[in-house]
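In what follows, a single structure is set out as structure tokens and then discussed.
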Amino acid sequence: MSHLITLAAEQTIYQAQAVHQQLAAALREHAQLEIDLSQVEEIDSAGAQVLLWLHRAAQQQSCQLTLSHPSPAVRDFIRLLGLQQLHSALEAADGS
């Protein structure tokens with residue numbers, strides 16, 4: 001069963017360290033993670049870096065990662081920056 005983490009409305013440099021620590025702990029403890037992005041209203045490059053790190057770390061540890069319900073802010077930011085790794089993970093998660 002997948003461990004669900006819902007990220008808060010702001011995913012910026014101010015939250016990046018705490019979110020990274022939370023996700024690192026979850027990655028150590030669970031073989032399947034679902035990150036619900038539906039509440040994210042603001043994301044910056046630090047927030048995106050945390051998601052990129054998580055994506056890479058999950059692959060290295062053979063953890064099944066799902067980035068679900070991306071908010072418009074997340075989807076737009078990923079497209080704007082051309083973050084193909086995350087863009088494809090979001091498409092796989094919600095079928096868009």
Side-chain angles (χ1 to χ4, degrees):
M1 180 175 210
S2 204
H3 179 71
L4 176 65
I5 296 174
T6 301
L7 295 186
E10 288 187 31
Q11 295 303 313
T12 66
I13 194 167
Y14 303 108
Q15 294 80 28
Q17 182 177 1
V19 171
H20 182 275
Q21 290 173 347
Q22 176 189 17
L23 296 175
L27 193 58
R28 284 190 300 272
E29 297 173 15
H30 302 282
Q32 296 178 337
L33 290 178
E34 178 180 353
I35 310 303
D36 182 345
L37 302 170
S38 63
Q39 302 301 308
V40 178
E41 296 174 3
E42 183 179 357
I43 186 168
D44 67 7
S45 59
Q49 282 181 314
V50 171
L51 292 178
L52 284 168
W53 163 82
L54 178 63
H55 185 259
R56 202 172 319 113
Q59 287 178 330
Q60 292 172 347
Q61 297 180 29
S62 299
C63 176
Q64 182 180 354
L65 175 65
T66 304
L67 302 176
S68 64
H69 312 293
S71 68
V74 171
R75 190 173 294 285
D76 290 346
F77 192 81
I78 288 171
R79 284 187 183 137
L80 177 68
L81 292 183
L83 300 173
Q84 297 307 319
Q85 301 98 325
L86 292 181
H87 184 68
S88 62
L90 291 175
E91 287 180 346
D94 71 356
S96 63

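Bear in mind the structure is a predicted one, so any value in this text is a computation, not a measurement.
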Q49 side, atom CD; D44 side, atom CG - distance, nearest 0.5 Å: 8.5 Å
Run through the side-chain heavy atoms of Ile, Leu, Val, Met, Phe, Trp and Tyr, join any pair under 4.5 Å, and report what else lands in I13's cluster. Y14
Taking all atoms of both residues into account, what is the closest heavy-atom pair of F77 and A48, and its distance? CE2-CB, 3.6 Å
Would you find a donor on one side and an acceptor on the other, under 3.5 Å apart, between the side chain of Q15 and the backbone of T12? yes
Out of curiosity, I35 CD1 to H3 NE2, how far, rounded to the nearest 0.5 Å? 7.5 Å
On a heavy-atom basis, the closest approach of V19 and Q11 is CG2-OE1, 3.4 Å
Please give me the minimum heavy-atom distance between R75 and P70, naming the atom from each residue. NH2-CG, 3.0 Å
Look up atom OG in S71 and atom CD in E42, then write down how far apart they are to the nearest 0.5 Å. 11.0 Å
Are I78 and L81 linked, directly or through intermediate hydrophobic residues, by side-chain heavy-atom contacts shorter than 4.5 Å (ILVMFWY only)? yes
Mind listing the closest non-hydrogen atom pair of A16 and V50 along with its distance? O-CG2, 3.8 Å
OG (S68) and CD1 (I5) are apart, to the nearest 0.5 Å, by 11.0 Å
Counting only heavy atoms not in Q61 (residues, nucleotides, ligands), do more than 12 fall under 6.0 Å from its CD? yes
Side-chain heavy atoms of I43 within contact of L7, under 4.5 Å: no
Less than 4.5 Å apart, any side-chain heavy atom of L67 and any of V74? no
Smallest heavy-atom separation, M1 atom then Q32 atom, equals C-OE1, 3.3 Å
Can you tell me how far CZ of R56 sits from CG of L65, rounded to the nearest 0.5 angstrom? 12.5 Å
